[in-house]
Amino acid sequence: MESKHIYELLEKYWACETSREEEHILKRFFTSEEVPGELSSYKKWFIETSLQTETLDEQFDEKMLAQLSNETTSLSTRRTFSIRRIMRVAALLLIIFTCTLFIRHYRTTQQVTSLAVMEDTYDNPEEALAAVRNALYFASEEINKGLDMTAEGFRKTKPVFEIINTN
Amino acid sequence: MKKIILLTTAICFIYVSSAMAQDDKANELISFTDRFLHAFKSVEDDFSIVKISPQMLKMITGKSSPDNSKESALLNSLKGLYILSYDKGDATILQRFNQQIKAYTKEYDALMDIKDGKEKVQILTKSKNGKITDFVMIATEEKSFTLINILGEIDLNALTELQSSINVKGLENLNKLDTKK
């Protein structure tokens, strides 16, 4: 009778349908001394599994789910925190950059204002005209000098180009 | 909070872009010589500086010889003129001068580089809408330099033809100019 019950339990066991109580019965049966010969082949299995004392209790799933939920929450909080932090740093950098630019812009404006005021060296237009004439004629002379030198260069290299072109 | 950050960012961006554009415009307003003198403010007294304002140019246009139309036309188009010269021969100043010139010339187009004995002449121009609006001529010798900066719409052909109308020796006269600071 007991063997029949054990067979039934074994069938359930292999189908993973046994309760913890039924598993306990099976383990107790197979670890006892009186195991019938036809069931002795299972004895080793149950002795080995019964040595594995550490088992998952009924609260394992709940604990695990709770822990996972906590981790997800803290991860999302951390992510939100880091994005906020990056945004704050970026905003701060932008403000510093804008302030620097403002100071630079202010200084440039000041510089332009002071430099744009062009004070004349001469009060007398005759003297001013003489200075302007000198500058213009000097510039004209130098440009002509440059043009002459370029023309001279062309004149000197012309025969070389003619030889190259004939060949 | 998000709205405040977004609003601040938008305001900052608008300010940054407008300030940058204004700075570019401001840089255009400051002449080559002004910026140059600003860099040499501490030793400004060692330079001979001639500044001719647009108002003065208007006054002298009427005084130019009526028979020289090329000169009159050229004077009419000018908006300012600077002549700056240095002949103290301080090696440090000359070195700084060359460095400054190199830094500023990046914004200009090189028109000519003339080397005549110990004298080296560099002509730079800045154009706007295909017209020369800023003309810079830098003549350097071993221990001295002269800088001429002409502002306004400059007709290069008219400037070139000017020499043929009257023959005036340039640099010698420029160094002898009676300057007031």
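Convention: sequence-line order gives letters A, B, ...; per-chain numbering from 1.
Looking at heavy atoms from C-beta onward, Tyr122(A) lies out of side-chain contact with Lys51(B) at the 4.5 angstrom threshold. Between Leu78(B) and Leu136(A), some side-chain heavy-atom pair lies under the 4.5 Å cut-off. In this structure the side chain of Phe135(B) reaches within 4.5 angstrom of the side chain of Ile143(A), judged on heavy atoms. With contacts defined as side-chain heavy-atom distances shorter than 4.5 Å, the pair Leu147(A)/Met112(B) qualifies. The shortest side-chain heavy-atom distance between Glu119(B) and Lys145(A) falls under the 4.5 Å cut-off. At a threshold of 4.5 Å between non-hydrogen side-chain atoms, the residues Ile150(B) and Val132(A) do not count as touching.
Follow the hydrophobic side-chain contacts under 4.5 Å out from Tyr7(A) and you reach Phe46(A) in the same cluster. Transitive grouping of hydrophobic side chains (ILVMFWY, heavy atoms separated by less than 4.5 Å) keeps Leu93(A) and Ile103(A) in distinct clusters. Hydrophobic clustering (ILVMFWY, side-chain heavy atoms < 4.5 Å, transitive): Phe30(A) and Trp14(A) are in one cluster.
Considering every non-hydrogen atom in both Ser140(A) and Thr160(B), the closest pair reads OG-O, 3.2 Å. Shortest non-hydrogen contact noted between Glu71(B) and Arg133(A) is OE2-NE, 2.7 Å.
The greatest number of non-hydrogen atom pairs below 4.5 Å with chain A, out of Leu74(B), Leu111(B), Leu57(B), Asp116(B), is found for Asp116(B).
Heavy atoms of Met56(B) lying under 4.5 Å from chain A belong to its backbone as well as its side chain. With a 4.5 Å cut-off on non-hydrogen atoms, Ile154(B) does not touch chain A at all. For Leu159(B), the parts lying under 4.5 angstrom from a heavy atom of chain A are both the backbone and the side chain.
Crowding of Glu8(A) atom CD: a count of heavy atoms from other residues, nucleotides or ligands under 6.0 Å exceeding 12. More than 12 heavy-atom neighbours from other residues, nucleotides or ligands sit within 6.0 angstrom of NZ on Lys43(A). Surrounding CD of Glu21(A) are at most 12 heavy atoms belonging to other residues, nucleotides or ligands under 6.0 Å away. Heavy-atom neighbours of Met149(A) CE from other residues, nucleotides or ligands within 6.0 Å: above the threshold of 12.
Evaluation of the side-chain hydrogen bond (donor to acceptor under 3.5 Å, both in side chains) rule for Thr18(A) yields Glu23(A) as partners, not counting sequence neighbours. Under the side-chain hydrogen bond (donor to acceptor under 3.5 Å, both in side chains) criterion, Asn76(B) pairs with no residue, sequence neighbours left out.
Atom CZ of residue Phe138(A) and atom CD1 of residue Ile83(B) lie 10.0 Å apart, to the nearest 0.5 angstrom. Taking CD1 of Ile148(B) as the reference point, atom CD of Glu142(A) lies at 8.5 Å (rounded to 0.5 Å).
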